Peer 1: 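Here it is: the structure, laid out below.
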Amino acid sequence: MTDDGTAAAAATGTLGYEQARDELIEVVRRLEAGGTSLEDSLALWERGEELAKVCRHWLEGARARLDAALAGPAEDEA
């Protein structure tokens, strides 16, 4: 069994943040437009969830890098 991060990565390949974000925007646009079958809507929703996880992963990584960069000089002075 894989964890959520591994499953999202396997389902989305190695998407960059911008790619995942742009595809997520398109998924939301299609869902909001309506006119799709229940099955298609569910598939879009699931894809959107996967893409949101990818975006969250990238943003959490960026936050960790920023926190480390901001904490780095302060730790050197101590």
Side-chain angles (χ1 to χ4, degrees):
M1 179 180 276
T2 61
D3 67 359
D4 287 343
T6 305
T12 58
T14 55
L15 286 177
Y17 172 78
E18 289 82 5
Q19 293 168 313
R21 181 202 59 212
D22 290 347
E23 187 177 342
L24 180 55
I25 290 168
E26 178 62 19
V27 165
V28 170
R29 186 195 64 74
R30 289 179 60 193
L31 284 169
E32 288 178 341
T36 58
S37 68
L38 177 59
E39 190 64 34
D40 289 343
S41 294
L42 288 173
L44 284 168
W45 179 269
E46 290 168 348
R47 180 65 177 161
E49 289 290 328
E50 293 167 359
L51 292 164
K53 286 178 187 177
V54 171
C55 289
R56 192 174 312 116
H57 171 77
W58 278 104
L59 291 172
E60 288 170 355
R63 170 55 66 190
R65 288 177 61 191
L66 285 171
D67 289 345
L70 292 173
E75 289 177 359
D76 291 342
E77 294 173 9

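Count residues from 1 along the sequence. This structure is a prediction, so every number in the text was calculated from the model and none was measured.
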Peer 1: So, taking the atom named CZ in Arg47 and the one named CG in Asp40, what distance separates them when rounded to the nearest 0.5 Å?
Peer 2: 15.0 Å

Peer 1: Quick check for you: to the nearest 0.5 Å, what is the distance between Glu18 atom CD and Cys55 atom SG?
Peer 2: 9.0 Å

Peer 1: Report whether Trp45 and Leu24 are members of the same hydrophobic cluster (ILVMFWY, side-chain heavy atoms less than 4.5 Å apart, transitive linking).
Peer 2: yes

Peer 1: Side-chain heavy atoms nearer than 4.5 Å, only ILVMFWY residues, links allowed to pass through others: does that put Leu42 and Leu31 together?
Peer 2: no

Peer 1: More than 12 non-hydrogen atoms from neighbouring residues, nucleotides or ligands closer than 6.0 Å to CZ on Arg30, yes or no?
Peer 2: no

Peer 1: Test salt bridge (Lys or Arg N to Asp or Glu O under 4.0 Å) on Arg29 and Glu32; report intermediate values, then the result.
Peer 2: CA-CA 5 Å; Arg29 186 195 64 74; Glu32 288 178 341; over 6 Å; no

Peer 1: Side-chain contact, heavy-atom cut-off 4.5 Å: Leu51 with Leu15?
Peer 2: yes

Peer 1: Apply side-chain hydrogen bond (donor to acceptor under 3.5 Å, both in side chains) to Asp22 and list each qualifying residue two or more places apart in sequence or on a separate chain.
Peer 2: none

Peer 1: Please collect all side chain to side chain donor-acceptor pair (under 3.5 Å) contacts where either partner lies in residues 57-71, sequence neighbours excluded, each pair once.
Peer 2: none

